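As structure tokens, the structure follows; a few thoughts come after it.
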Amino acid sequence: MTSRILRPVRADRRAQPRSAAPLGVRLPLVAAVVVAAGLTTACGPSSEPVGSAAQSTAGQSSSALPSATASASASTSAEASPSASASPSASASAAPSSSPTPSRTKTGSAAPKPSRTSAAPAPARIPGPGYDSSADAQKQIDAALAAAKADGRMVLLDFGANWCGNCKAADKVFAQPQTAAILGASYHLVKIDIGGNSSANSALLRKYSPSGGSYKMPVLIVVTPSGTVRTDTHATGNPSLTSEGINSFLRQWAS
């Protein structure tokens, strides 16, 4: 009896699969499956293989580096661009300061008048040869002194006579171009006749040549515009009655 009962039991034990794990071992496996199912539900299924996740992460990090570099360079260029754009404006603002400030002209002011240059006075009139016995010598001297005060020339008094040879020699020199130019530029010449019987002209001779005595003609007397005698050939002697002698005499007393 006992052997018959035990066989079915052994048969039942043989019918159970040997690969089945004990209960204590299956519980951890069940728990692991539940946790994995929860993770899958929370994160969602992955369409890429496991190895590609690392590659994609590396790719994303490598692609992020250029983008970060590009953004950094863009920010650097953005920071540098204001300074670069500001430099033309700074130079443009500095350029007007370097240029000279235009002078302000008064609109209502009149233009400056050109300076007047004093033209040389016209040559004085030179009387011809000989002596006019009918002329008013005093009046001629007064006119010559007035003209001398106006233009600063000297007055040359020539006392002589129409019959005097030395007077005729002097007249020839006075007519020469060079001597005439000196006379016209520096003197007012007055010729006074003392060869006749004119007491008025003789009185004028003694007025300007008061030393008296015997006069050797011609008597040449240089007078300033104020009437002061500068030289008297009756006192000093006549120069050589040539162009060289008379020209030298005229130049000496012209100024």
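Remember, predicted model here, so these are calculated numbers, not experimental data.
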How far apart are the closest heavy atoms of [X] and [Y], and which atoms are they?
X      : Y      : answer
Ala170 : Pro218 : CB-CG, 4.3 Å
Ala144 : Val190 : CB-CG2, 3.6 Å
Gly245 : Pro239 : O-CB, 3.9 Å
Ala135 : Gln140 : CB-NE2, 3.4 Å
Asp232 : Ser209 : OD2-OG, 2.5 Å
Tyr187 : Trp253 : OH-C, 3.1 Å

For Tyr215, give me all partners under ring-ring contact (aromatic ring centres under 6.0 Å, His included), at least two apart in sequence or on another chain.
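If we apply the ring-ring contact (aromatic ring centres under 6.0 Å, His included) test to Tyr215, skipping adjacent residues, the hits are His234.
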With no hydrogens and no angle check, is any side-chain donor or acceptor of Ser202 less than 3.5 Å from a backbone partner on Ser198?
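A pair under 3.5 Å: yes.
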Do Leu145 and Leu189 share a hydrophobic cluster (ILVMFWY, side-chain heavy atoms under 4.5 Å, transitive)?
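Unlinked, Leu145 and Leu189 end up in two clusters.
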May I ask whether Val222 and Tyr208 are part of the same hydrophobic cluster, defined by side-chain heavy atoms of I, L, V, M, F, W, Y residues being less than 4.5 angstrom apart, directly or through others?
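As far as the 4.5 Å side-chain criterion goes, Tyr208 and Val222 are not connected within one cluster.
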No-hydrogen, no-angle side-chain donor-acceptor test under 3.5 Å, Gln138 and Asp142:
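On atom types as modelled, these side chains qualify, holding a pair under 3.5 Å.
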Remaining members of hydrophobic cluster (4.5 Å side-chain criterion), Tyr131
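The other cluster members (ILVMFWY side chains, heavy atoms under 4.5 Å, direct or chained): none.
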When rounded to the nearest 0.5 angstrom, what is the spacing between [atom1] in [X] and [atom2] in [Y]?
X      : Y      : atom1 : atom2 : answer
Thr231 : Ile221 : OG1   : CD1   : 9.0 Å
Lys172 : Leu241 : NZ    : CG    : 12.0 Å
Gln176 : Ile182 : CD    : CD1   : 10.5 Å
Asn201 : Lys207 : CG    : NZ    : 12.5 Å
Ile192 : Leu204 : CD1   : CG    : 6.0 Å
Ser133 : Ile194 : OG    : CD1   : 13.0 Å

Ile246/Leu220 under side-chain contact (heavy atoms from CB on, under 4.5 Å): CA gap, chis, key distance, verdict
CA-CA 10 Å; Ile246 291 180; Leu220 302 177; 5.7 Å; no
Tell me which pairs pass salt bridge (charged side-chain N to carboxylate O under 4.0 Å, His left out) where either residue lies in [range], with sequence neighbours left out.
range            : value
residues 236-249 : none
residues 159-168 : none
residues 185-194 : Asp171-Lys191

Going by heavy atoms in the side chains, are Asn238 and Asn166 under 4.5 Å from each other?
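No - every pair of side-chain heavy atoms lies 4.5 Å or more apart.
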Run the side-chain contact (heavy atoms from CB on, under 4.5 Å) test on Val219 and Leu205 for me, step by step, so that the C-alpha distance in whole Å, both residues' side-chain angles and the decisive distance to 0.1 Å come before the verdict.
CA-CA 9 Å; Val219 179; Leu205 176 61; 4.2 Å; yes
Report all side-chain donor-acceptor pairs from residues 150-157 shorter than 3.5 Å, counting only partners two or more places apart or in another chain.
| from | atom 1 | to | atom 2 | distance (Å) |
| --- | --- | --- | --- | --- |
| Asp151 | OD1 | Arg153 | N | 3.0 |
| Asp151 | OD1 | His188 | NE2 | 3.3 |
| Asp151 | OD2 | Arg153 | NH1 | 2.7 |
| Asp151 | OD2 | His188 | NE2 | 2.8 |
| Arg153 | NE | Gly184 | O | 3.2 |
| Arg153 | NE | Ala185 | O | 3.1 |
| Arg153 | NH2 | Ala122 | O | 2.7 |
| Arg153 | NH2 | Gly184 | O | 3.3 |

